[in-house]
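Heads up, the thing below is written out as C-alpha cells.
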Amino acid sequence: MFTGSFIEKKKINGLDTFLVNKNGFLENYILLSIDFGGMDSNSIYHDKECNRKIPYGTAHFLEHLIIQNNQFDALHRFGNIGSSINASTNFEYTSFVISCTEQLELNIQMILKLVQSISITNDIVEKEKKIIKQEILQSHSNKKAKCFTNLLSDLYGDESGVAQPIVGNVASIDSMDSNIMEKCFQKFYSIENMKMIIIGDIIPEEIYTIIGNELTNTTLKEKNRYLPLLPVKRESIKIEPINTNQSVLLFGNTIANESVTSSETDIRKEFTIRIGLEILFGRTSDFQQKINNHSLVDRDIELKYEISNRYSFSLLSAITTKPYELMEEIRLTKNNIQTRSIDDYEFLISKRRIIGMIIDIYDNPTKLANSILHYSIRGINFCNVINVINKITKKEVIDALYSHILI
C-alpha cells in the first residue's frame with residue numbers, strides 16, 4: 001500500500017466506517033474507537049439523576065470493564081476463533097483492536113456486540129478497583145510518565161482533563177461506583193460516538209452489509225461536544241531524576257486551538273510546526289550534533305507534536321546526565337535560529353524526512369488505522385496529507401516557529 005491508496009468512508013446507521021482494501025493481504029485489522037478518553041476526566045456529567053464530575057481514569061476503567069464483560073467474555077470468545085483483541089485508552093478516545101486471518105464477518109459482529117451492552121455491578125467495580133490501583137502503584141516507578149503528567153498539568157492547569165495520568169489516581173479510583181460507570185457507558189458508548197476502521201483484502205459492499213445488519217435496531221443519540229482545553233502556559237520544562245546519575249527532561253510548548261477554515265488549513269498548521277521542530281531539534285539538526293558531541297543525552301531524543309480538536313502541544317524528551325546543560329542548549333538553539341533563520345537545504349531535508357515518515361505509515365496496518373482515526377476526528381482525509389505537505393513553503397514554517405516555539 002502506498003500514498004495513493006483509497007480510504008473509503010461511509011456512515012452506516014450512525015457509525016462512521018472507513019475501509020482500506022489491501023489486495024492479497026492475509027491479515028484483517030479492525031479498529032473500533034469510542035470518543036471517550038482521559039481528557040474527558042474532571043468534566044461534569046449532567047443528567048436528571050447524576051450531576052457530578054467524571055473521575056480521573058474513568059475511560060480507562062470502563063475499557064477494562066468492557067474487556068472483562070461477564071456477558072461476553074471477549075478474550076475467550078475471540079481467542080476461540082483464532083483472533084486477538086487488544087484495548088487501549090489515550091487522552092482522546094478508547095480503542096478496541098481485532099486482528100484476524102479468517103471469519104471477518106463474525107469478528108465484526110462480535111466487536112460491535114461487545115461495546116453495546118454490559119452489566120456493571122458494584123461487586124464488579126470493586127474487583128476492578130484492586131486491579132487498577134495495582135497498575136497505578138506499579139506506574140509510580142515510571143519517572144518519564146510522572147514527568148509527562150507534571151508537564152501537562154503545568155501547561156494546561158491542575159484541574160484540566162490531562163492533569164492526571166490516563167489511568168487516574170488512587171483517590172479517583174476509590175471514588176468510582178457502578179452508577180457513574182453505567183452512566184458513562186450509556187452516554188459515551190453509543191454508535192454515533194464511535195468510528196470503525198477495517199484494513200485487509202476486503203469487498204467494501206459486503207462489509208457495509210454486515211455492519212448494517214448488525215446495527216439495524218440501533219437508537220441514535222446526539223453526539224457529545226466538548227470545548228477545547230485552554231493552555232495556562234505557552235512553554236514548560238520539567239526534570240525528573242531517574243537515579244543518582246540520570247534524569248528525564250521534557251520540554252513542551254502549547255498552541256491555543258483556533259478555528260480552521262478547511263482541512264487543508266488544519267494540515268498546513270500541523271506540518272509547518274512538525275517541519276519546524278525537525279529543523280530545530282531533529283536527527284540532522286545542529287542541535288542533535290552538539291548534544292551528541294558533548295554527550296548531553298544517553299539515548300536518542302524523542303520529538304513529537306500532539307494535535308487534536310481539543311489541544312495541541314509539542315514535546316521534546318530526553319534522558320540525560322546533564323539536564324541543565326541540555327536546557328541551555330535548547331535555549332541557545334531557539335536564539336540561534338532567530339539570528340540566522342532557516343536555509344533552503346535544511347528546510348527541504350526536514351520536509352522530506354516528515355514525508356518519509358508518512359509514507360512508512362501506509363505499510364503498517366496499526367499505524368495506518370490509528371492515523372485514519374486521528375485525522376478523521378479532525379475532519380481530515382489522511383490520503384490528502386502528503387499533497388498538502390508538498391505545498392508548504394519555508395516562509396510558512398518560519399512563521400509557525402515564531403508563533404509556537406520562538407516566543
Worksheet item: Closest approach of Gly157 and Val232, non-hydrogen atoms and distance?
Response: N-CG2, 3.6 Å

Worksheet entry | Thr89 backbone acceptor or donor facing Glu63 side chain under 3.5 Å | yes

Discussion item. Pairing donors with acceptors under 3.5 angstrom, does anything connect the side chains of Asn243 and Gln246?
Written reply: yes

Item to complete: Could you give me the CA-CA distance, side-chain angles and deciding distance for Lys183 and Asp177, then say whether salt bridge (Lys or Arg N to Asp or Glu O under 4.0 Å) is met?
Response: CA-CA 10 Å; Lys183 294 292 184 184; Asp177 54 37; over 6 Å; no

Discussion item. Going by ring-ring contact (aromatic ring centres under 6.0 Å, His included), name the pairs with one or both residues in residues 367-386, residues two or more places apart or in two chains.
Written reply: Tyr362-Phe382, Tyr375-Phe382

Discussion item. Taking the basic N atoms (NZ, or NE/NH1/NH2) and the acidic carboxylate oxygens, is any pair closer than 4.0 Å for Lys130 and Glu126?
Written reply: no

Practice prompt. Measure from the ring center of Tyr311 to the ring center of Phe313 and say whether it is less than 6.0 Å.
Written response: yes

Worksheet item: Passes salt bridge (Lys or Arg N to Asp or Glu O under 4.0 Å), Glu240 versus Lys144? Steps please.
Response: CA-CA 7 Å; Glu240 183 71 28; Lys144 185 176 179 180; over 6 Å; no

Worksheet entry | Ionic contact status for Arg310 with Asp40, cut-off 4.0 Å | yes

Item to complete: Please test Glu278 against Arg274 for salt bridge (Lys or Arg N to Asp or Glu O under 4.0 Å), starting from the C-alpha separation and ending with a verdict.
Response: CA-CA 6 Å; Glu278 187 67 23; Arg274 287 192 187 278; over 6 Å; no

Worksheet item: Is Lys10 positioned over the aromatic face of Tyr208, cation under 6.0 angstrom from the ring centre and no more than 45 degrees off axis?
Response: yes

Discussion item. Check whether Asp154 reaches the backbone of Ser236 with its side chain - one donor and one acceptor, N or O, closer than 3.5 Å.
Written reply: no

Worksheet item: Does the distance from a Lys or Arg side-chain N to an Asp or Glu carboxylate O, for Lys129 and Asp174, drop under 4.0 Å?
Response: no

Practice prompt. For Arg283, look at atom CZ and say whether over 12 heavy atoms of other residues, nucleotides or ligands are found less than 6.0 Å away.
Written response: no

Worksheet item: Does a donor on one side chain sit under 3.5 Å from an acceptor on the other, for Asp158 and Ser153?
Response: no

Worksheet item: Can a cation-pi geometry be assigned to Lys304 and Phe148, taking NZ or CZ under 6.0 Å from the six-membered ring centre and within 45° of the ring axis?
Response: yes

Worksheet entry | Qualifying residue for side-chain contact (heavy atoms from CB on, under 4.5 Å) with Leu104, from Ile210, Ile202, Asp201 | Ile202

Worksheet entry | Where at least one partner belongs to residues 266-298, residue pairs that pass ring-ring contact (aromatic ring centres under 6.0 Å, His included), sequence neighbours excluded | Phe281-Phe287

Worksheet item: Are Lys127 and Asp123 close enough, and set up right, to give a salt bridge (Lys or Arg N to Asp or Glu O under 4.0 Å), and what steps lead you there?
Response: CA-CA 6 Å; Lys127 179 181 177 181; Asp123 286 344; over 6 Å; no

Discussion item. Restricting to salt bridge (charged side-chain N to carboxylate O under 4.0 Å, His left out), what partner residues turn up for Lys351, sequence neighbours left out?
Written reply: none

Worksheet item: Quick one: which of Ile136, Ile131, Thr58 gives a side-chain contact (heavy atoms from CB on, under 4.5 Å) with Ile173?
Response: Ile136

Worksheet item: Is it true that atom CG of Leu137 has more than 12 heavy atoms of other residues, nucleotides or ligands lying nearer than 6.0 Å?
Response: yes

Practice prompt. Classify the angle between the aromatic ring planes of Phe188 and Phe36 as parallel (below 30°), tilted (30 to 60°) or perpendicular (above 60°).
Written response: parallel

Worksheet item: Is it true that atom NZ of Lys146 has more than 12 heavy atoms of other residues, nucleotides or ligands lying nearer than 6.0 Å?
Response: no

Item to complete: Apply side-chain hydrogen bond (donor to acceptor under 3.5 Å, both in side chains) to the pair Asn193 and Ser190, showing each step before the final yes or no.
Response: CA-CA 5 Å; Asn193 216 39; Ser190 53; 5.1 Å; no

Fill in: Given Ile108, Ile98, Val115, the one that forms side-chain contact (heavy atoms from CB on, under 4.5 Å) with Leu32
Val115

Worksheet item: Does the side chain of Thr321 come under 3.5 Å of the side chain of Asn245 through a donor N or O and an acceptor N or O?
Response: no

